[in-house]
Amino acid sequence: MPKLGLKGKLLIGAVVVIGLIVIGGMFFPVSQPTIELSPNYGGTQPAPFATLGPFYITNTFIAAWISIITLGVIFFLGTRKMKLIPKGLQNLAETVIEVLLNFVEGVAGKENGRRFFPIVATIFLFVLMNAWLSLLPVFNVIGRGGPSTEVTNNLFHTFLPSIFPNYQGFVVSVPFLRSANTDINVPLMLALVSFLCVEYWGTTSLGVRTYLGKFFRFGQLLQGMGQLFKGKAKAAISTILYGAIDAFVGALELLSEFVRIISFTFRLFGNMMGGEVLLLTIPFLICWVFPSIFYGLETFLGLIQAVIFSVLTLVFAVMAVSKPEAEHEH
Amino acid sequence: MRYRIGLAALLIMLTVLLSSCSSTENLGVNWHGLLTQFISFGILVALLLFVAYKPITKMLDERSNKIKESIDQAEFVKQQVAKTEQMVQEQLAQARKQGQDLIAQAAQIGERLKEEARQQARQDAEAIVARAQVEIRAERDEAIDKLRGEFVEIAILAAEKVINKALDKETHRQLIQKTLEESTKLKKGA
């Protein structure tokens, strides 16, 4: 018998393990997941794991804190001993921050860029970390639960019902870890943070009067009214007409500021929830290998969502701090 | 500060509004969760500000400053080198010019010395020649005088013999002398 090297032994071991998983999986199909729109906040949903005063410890809260700690540890280790010539983890941390900083400064300019940067970058990193960590296999499958009430359809049962009984899998009803992005409170919180920061930056950069003047544009309308009273009817009509359009546009912009909260929330929530459902569903259609394609897709999607959320916040911030164009004056 | 209070009020209003809708509760909107996530996000911002944004932006700025400084310094050194090189070139050119001047001066001096020597030699030669001429003339004159004296004596003697008569010697002498003076080619000083 030829003597096997370490490489050969490892290869044979891997093949055996994969074989066992494949064969074992046929006997014991994976348990059905429960897809809930809401994490365990109580009420009609399962109760939270613990409550600390007003704070509810839910599975999404734990996941969010894993993201926070991961980010904190990576950057802490990366920036612990900063050197002028970067090395190892410092390189990674610096690259990430530099790319983000350059992007933010490129869009918003140097001064505003530095102001917006912490919020924009944190939104990006938080969303990205939540999305990517939720792809780990420990998410969604470990938790409280019980035997399934429904019978799992077993392939072997169809042919040999006497040998292979139908398997009633274990169903995780309350996973310990669930992607924080799929808790609507996280996208909503991020949308509110984005909204509040945009309004704050807008008002502090332009002043309350100028900033609110972007939305309440009655100047031209009032001017038209004045013309009407002075008896310049012909001029007044066009001024009032344009004034009315202007006021309407202002009102629309005011509305869109608030609509953004909703669109921000549901864009992220929908994408992440959809991705999660996709990843849980695909193994039941075609198991083995095939779902990994969707893991790749979800990796990409997480990055895209993080970019979209942060870039939109940045763009809205740039729009908010830009001076209103004096369009209605000519 | 006023803005912040206003925005916080807006936030509370929105939160209450969103949580109070019965339809949003089915989606999982929950003010406990919202509050918890707000605080988590706040902590994350503070944490990242402390461990990532501030030190890294500081380091990036420091590095870009350092690079800029280095480039400036390199530029300065380059300029300095160029300047030094130029100075050396100038000095070299100056030295060369000085050397050439010196050589030219030396050549000039040599030329002058030669000219002077030549002049001197010519003068000396002329002086010698002049002296020699003077001497020659003096000797000639002397010889002529002597010759003339003898000739006179001979002439007188000859005349005595011819006429056999003693002549008034003195008168004859004067006569002959006079004749000689008038006729002869052997003039003194000619």
Side-chain angles (χ1 to χ4, degrees), chain A residues 36-39 41-45 48 51 54-58 60-61 64-65 67-68 71-72 74-76 78-80 82-84 86 90 93-94 96-98 101 114 117-119 121-123 125-126 180 183-186 188-190 192-193 195-196 199-200 203-204 208 258 261 269, chain B residues 1-70:
Chain A
E36 293 285 349
L37 215 50
S38 163
Y41 279 117
T44 54
Q45 302 293 334
T51 52
F55 307 117
Y56 284 12
I57 312 299
T58 61
T60 48
F61 172 82
W65 269 92
S67 300
I68 290 169
L71 283 172
I74 288 174
F75 282 109
F76 174 72
T79 59
R80 194 174 36 166
M82 293 283 273
K83 290 200 187 81
L84 205 60
Q90 192 194 338
E94 274 189 15
V96 170
I97 298 299
E98 193 176 9
L101 186 65
R114 288 281 160 111
F117 179 65
I119 295 292
T122 311
I123 288 176
L125 292 172
F126 188 53
D183 177 354
I184 196 161
N185 294 305
V186 172
L188 184 60
M189 177 272 294
L190 291 173
L192 286 171
V193 164
F195 169 77
L196 289 175
E199 305 309 312
Y200 176 69
T203 44
T204 47
V208 177
F258 288 93
I261 302 174
F269 175 68
Chain B
M1 204 58 220
R2 263 195 334 233
Y3 306 135
R4 285 179 212 189
I5 292 167
L7 289 170
L10 196 63
L11 169 72
I12 290 163
M13 214 169 70
L14 283 167
T15 314
V16 169
L17 196 74
L18 283 163
S19 321
S20 62
C21 282
S22 59
S23 56
T24 56
E25 209 178 308
N26 291 335
L27 284 169
V29 177
N30 179 301
W31 74 268
H32 296 285
L34 206 55
L35 182 67
T36 316
Q37 295 297 352
F38 255 118
I39 288 164
S40 304
F41 187 76
I43 291 169
L44 179 64
V45 172
L47 179 73
L48 287 182
L49 207 62
F50 190 66
V51 302
Y53 305 148
K54 274 186 179 161
I56 290 176
T57 44
K58 203 178 123 209
M59 176 56 66
L60 290 175
D61 287 349
E62 201 176 305
R63 189 172 303 143
S64 80
N65 278 343
K66 189 115 188 168
I67 289 167
K68 205 172 148 225
E69 226 166 71
S70 304

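Every chain is numbered from 1, with letters handed out A, B, ... down the list of sequences. Note that these values count all heavy atoms, side chains included, but never hydrogens, waters or copies made by symmetry.
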message: With a 4.5 Å cut-off on side-chain heavy atoms, are B/Leu47 and A/Phe76 touching?
response: no
- prompt: Quick one: does A/Asp183's side chain get under 4.5 Å of B/Gln37's, heavy atoms only?
  reply: yes
- line: From the list A/Thr79, A/Val186, A/Thr58, A/Thr60, the residue making the most non-hydrogen contacts under 4.5 Å with chain B is A/Thr79
query: With side chains defined as the heavy atoms from C-beta onward, is the minimum distance between A/Thr122 and B/Tyr53 less than 4.5 Å?
result: yes
- prompt: Where on A/Leu125 is there a heavy atom nearer than 4.5 Å to chain B: the side chain, the backbone, both, or neither?
  reply: side chain
Residue part contacting chain A, namely of B/Lys66, when any heavy atom lies under 4.5 Å: side chain
- prompt: Got a second to check how far B/Leu34's CG is from A/Leu192's CG, nearest 0.5 Å?
  reply: 6.0 Å
- prompt: For A/Arg114, is it the side chain, the backbone, both or neither that has a heavy atom under 4.5 Å from a heavy atom of chain B?
  reply: side chain
field: Under 4.5 Å from a heavy atom of chain B, the part of A/Ile68 involved
entry: both
- prompt: Got A/Glu98 and B/Arg63 here, is their nearest side-chain heavy-atom distance under 4.5 Å?
  reply: no
field: Nearest-0.5 Å distance, CE of residue A/Met189 to CG of residue B/Leu35
entry: 11.0 Å
query: Do B/Thr36 and A/Trp65 come within less than 4.5 Å of each other through their side chains, counting heavy atoms only?
result: no
- prompt: Within a strict 4.5 Å, meaning less than it, do heavy atoms of the B/Trp31 and A/Pro54 side chains meet?
  reply: yes
query: Looking at A/Phe258, A/Phe269, A/Phe61, which one has more heavy-atom pairs under 4.5 Å with chain B than the rest?
result: A/Phe61
query: Less than 4.5 Å apart, any side-chain heavy atom of A/Phe126 and any of B/Leu48?
result: no
field: Sub-4.5 Å side-chain heavy-atom contact between B/Phe38 and A/Val193
entry: yes
- prompt: Is it the side chain or the backbone of A/Leu190 that comes within 4.5 Å of chain B heavy atoms, both, or neither?
  reply: side chain
